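Here is the structure we will look at.
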Amino acid sequence: MKQIIRSLVVTLGVSWAVAAGAQGPGEAGSASVGSGNAVVPAVPRADKGAAAGVGPEGSASPGTSTQGEVQVPDSSKQQGEAQVPPAATGQPAPGAQASGGVAWYDKLANKEIEEEGNFWMPKAVNSAADDSDFMFYAIMALTIFFFVGITAATVYLTIKYRHRPGHKAEPSSAHNDAMEITWTVIPTIITVFLFWYGWKSYINVVTPPQKAVEIDVLAWRWNWQFTHYNGVTDSDLHVPVDTPVRLVMTSKDVLHAFYAPAMRVKQDIIPRRYTYSWFNATKPGTYRLTCAEYCGTAHAQMGCLQTDTSTGACLRRAVVVVHERGDYERYLADKEAESQNLPPVELGKKLYEKKGCNACHTVDGSPRVGPSFFKQFGTTISLSDGSKIPVDENYIRESLMSPAAKARPGYPPSMPSFEGQLKEAEVKGLIEYIKSLK
Ligand code: CUA
């Protein structure tokens, strides 16, 4: 008997370790990808614990950010500090209006990720995702139940009927109707239930309701652009709470995937065609957003809006901001006003970060995927065809619209065209910003 108990304990321990190992890295991976910096969660459990500790107080008050910051417990504050909000880095505030600070909606986007959750998953904040969570836990429970049961039976029977002195092999029964019917009917019922439930929730997940807020998603190497119905564009995804949001997505270059773990939304984005996704966020807050399809060198940095110029580490990533009731409309109005009020250099600097130029072009002279912008304006450069041209307003404009037209040696032709994507004032802003880097 002692032997049996010991082997059972060992078996259970191994099965738990296997289950944890299979799930652990996945979770750790998504946690660190989405968390907005390269350093944070070496230990997913601790990370999750801290996030769960934030609880309802921290996330119930995105509208009043000071209140939220005060209430955040120490553990998650450390996590938050690692992300360095722009205000703390001494950067000129891009969204600054009269107050001289960061615009209120960018403050929300700069907040630390507040996902609650457990070891397995962040808490779902999408009402359409409840079924898929149920499926996950149901299948996991079934798997553990049968794994433990079958393993225990195997171990027990092996020991009970083992060959030993004085023990004769028993004749096995060739057929047992009761047993055969039991182990056919019960698994059939379980399988049919899993199929029916999975099919039902899949249909729900891929069918947005008739009345949904529609947001266009454009992905490219290596950033996002979200375009709202009034024409406002942003690289953070701002959405209203308790409202179905339908995403119409396409890519400028290669395959990407929109992945918002708390929304349980993961959808490939494909060049030259549209794919769709939808969710209904149930709780205001700031949530992870990441690219889940390998799309090239800076895939891991996709959506990085602020890079540490000395280490190249990402300080702040694009996020999903779920607004309190009424704030989404306020965001659309304020965001629209913002781009009209900025001086060109400020607008250019903001675009440099928001359009993802920073993924390939530095402003400190060091080369990355593309040439640095530092001290470029007014110089003469050599092109791949051997000719020389000055870096002036026309060169910058042409490089934005047809990047391959004046290719430079040593840099891959991977930049997408921004034709039709930048307003006249924005082109001017980028030119003025590059001009200012000397
Ligand atoms: Cu975009 Cu990976």
Side-chain angles (χ1 to χ4, degrees), residues 25-41 83 109 113 115 122 215-227 233-239 245-279 286-308 312-321 351-362 368-370 400 403-404 411-422:
E27 158 125 332
S30 66
S32 57
V33 163
S35 71
N37 65 71
V39 234
V40 177
Q83 295 187 326
I113 305 288
E115 284 164 356
I215 299 174
D216 285 342
V217 180
L218 183 62
W220 68 88
R221 294 177 296 179
W222 284 276
N223 213 342
W224 309 97
Q225 176 173 282
F226 302 101
T227 307
T233 62
D234 203 335
S235 35
D236 293 305
L237 174 56
H238 292 257
V239 299
V245 172
R246 181 174 186 255
L247 304 175
V248 181
M249 310 191 279
T250 192
S251 163
K252 263 211 271 191
D253 36 43
V254 299
L255 289 178
H256 301 271
F258 177 95
Y259 181 31
M263 313 296 163
R264 306 289 189 267
V265 167
K266 188 191 257 177
Q267 171 63 52
D268 271 9
I269 303 180
I270 300 165
R272 292 187 299 281
R273 64 178 278 193
Y274 294 104
T275 53
Y276 310 94
S277 223
W278 81 279
F279 59 87
T286 306
Y287 302 97
R288 292 176 213 285
L289 166 62
T290 154
C291 177
E293 179 71 48
Y294 181 71
C295 52
T297 316
H299 157 72
Q301 305 283 322
M302 178 142 167
C304 182
L305 303 180
Q306 204 191 3
T307 316
D308 184 323
C314 184
L315 298 173
R316 220 278 267 165
R317 262 163 219 284
V319 291
V320 182
V321 176
L351 291 169
Y352 166 74
E353 288 160 359
K354 294 260 164 178
K355 298 280 179 188
C357 315
N358 59 350
C360 303
H361 303 281
T362 68
R368 205 172 278 165
V369 180
L400 280 165
Y411 299 104
S414 54
M415 177 166 157
S417 165
F418 284 80
E419 184 85 60
Q421 231 189 298
L422 293 168

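If you're wondering where the values come from, they're calculated on a predicted model, not measured in any experiment. Just follow the structure's listing: the first ligand is 1, and inside any ligand the first atom is 1.
The nearest pair of heavy atoms linking Asp236 to Ala318 is OD1-CA, 3.2 Å.
Here the rule is side-chain contact (heavy atoms from CB on, under 4.5 Å) with Thr227, and of Val248, Asp234, Thr233 only Thr233 fits it.
Centred on atom 2 (Cu) of ligand 1, the angle running from Cys295 (SG) to Cys291 (SG) is recorded as 120°, rounding to 10°.
When atom 2 (Cu) of ligand 1 is compared with the N/O/S atoms of Glu293, atom O turns out nearest.
The backbone N or O of Ile269 lies less than 3.5 Å from no partner atom in the side chain of Thr250, so there is not a single donor-acceptor pair. Side chain of Lys252 to main chain of Ser417: a donor-acceptor pair is present (N/O by atom type, distance under 3.5 Å, no hydrogens or angles).
For a distance bound of 2.8 Å, the N, O or S atoms of His256 include none lying that close to atom 2 (Cu) of ligand 1. Look at Met302 and atom 1 (Cu) of ligand 1: an N/O/S atom of the residue is under 2.8 Å from the metal. Coordination check, His299 versus atom 1 (Cu) of ligand 1: failed, since every N/O/S atom of the residue sits at 2.8 Å or beyond.
Of the inter-residue distances, the one linking Leu400 atom CG with Cys357 atom SG reads 7.5 Å to the nearest 0.5 angstrom.
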